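Computed from a prediction, not measured in an experiment: that's the story for all the values here.
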Amino acid sequence: MRDAAEHVAKHVPPGMTTEESDELQARLTVNCLARVWRRFRIALAADTDPDSISQKIAELADEEGLEKPAPRVPLPGIELDDVHLVCWMGIEAAGSETPVAAQL
């Protein structure tokens with residue numbers, strides 16, 4: 001899918017505006033089933049004309065119903081009171097007879 005998005009970035013499909021091309025690129029970045037990305041790989045390898053490949057990619061995105069991913073919601077900031085875990089680990093030289101003590 002990343003290859004398809006890069007191809008569309010380099011070769012805007014005929015008759016498509018820059019905004020529509022950006023939207024298509026965003027739609028191509030979603031996670032999808034292997035069955036879907038195989039179709040895009042076939043389209044990328046099937047023809048030598050960049051414009052026809054871009055057009056086929058746009059058609060496949062519409063056929064598969066790919067949608068632009070929802071914007072990510074940032075996680076809240078971490079405060080000092082949020083940290084509750086302290087790890088201790090002891091390391092000893094090889095051949096030492098004393099056991100290693102570790103506290104979690």
Side-chain angles (χ1 to χ4, degrees):
M1 298 299 288
R2 182 176 50 238
D3 294 339
E6 289 174 5
H7 181 84
V8 170
K10 291 178 185 174
H11 307 282
V12 177
M16 190 175 278
T17 65
T18 305
E19 291 80 20
E20 292 170 334
S21 174
D22 291 343
E23 171 90 13
L24 177 58
Q25 290 174 51
R27 291 169 50 200
L28 293 171
T29 60
V30 297
N31 290 331
C32 60
L33 300 172
R35 170 188 62 79
V36 174
W37 61 257
R38 268 190 229 113
R39 292 185 70 193
F40 283 92
R41 282 198 180 219
I42 291 168
L44 284 166
D47 202 347
T48 57
D49 179 33
D51 289 338
S52 64
I53 293 172
S54 296
Q55 187 64 38
K56 182 65 177 172
I57 289 171
E59 291 170 5
L60 283 173
D62 291 338
E63 285 176 22
E64 294 296 337
L66 298 181
E67 295 181 3
K68 188 176 177 179
R72 294 184 181 185
V73 178
L75 297 174
I78 296 174
E79 301 293 329
L80 186 58
D81 293 336
D82 294 332
V83 180
H84 299 288
L85 177 66
V86 177
C87 296
W88 294 91
M89 182 171 71
I91 300 174
E92 62 185 42
S96 175
E97 295 181 13
T98 58
V100 174
Q103 293 181 347
L104 298 177

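We find the OG1-CD1 distance between Thr48 and Ile53 to be 7.0 Å, quoted to the nearest 0.5 Å. The distance from atom CD1 of Ile57 to atom NE2 of His7, rounded to the nearest 0.5 Å, is 5.0 Å.
Between Ala58 and Met16 the shortest heavy-atom distance is CB-CE, 4.0 Å. The two atoms that bring His84 and Asp82 nearest to each other are CD2-O, 3.2 Å, heavy atoms only.
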Side-chain donor-acceptor contacts of residues 26-34 below 3.5 Å, not counting sequence neighbours, with atom names and distances?
unit_1	atom_1	unit_2	atom_2	d
Arg27	NE	Leu66	O	2.8
Arg27	NH1	Asp62	OD1	3.4
Arg27	NH2	Ala61	O	3.1
Arg27	NH2	Asp62	OD1	2.8
Thr29	OG1	Ala26	O	2.6

- Task: Would you check, one step at a time, whether the test side chain to side chain contact (heavy atoms under 4.5 Å, CB included) holds for Gln25 with Asp22?
- Result: CA-CA 5 Å; Gln25 290 174 51; Asp22 291 343; 3.8 Å; yes
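With sequence neighbours left out, Glu63 forms a salt bridge (charged side-chain N to carboxylate O under 4.0 Å, His left out) with Arg39.
Every pair tested for salt bridge (Lys or Arg N to Asp or Glu O under 4.0 Å) that includes a residue from residues 2-16 fails, sequence neighbours excluded, so the list is empty.
Side-chain contact check for Glu64 versus Arg35: some heavy-atom pair is nearer than 4.5 Å. Side-chain atoms of Val12 and Ser54, non-hydrogen and from C-beta on, never get closer than 4.5 Å to each other.
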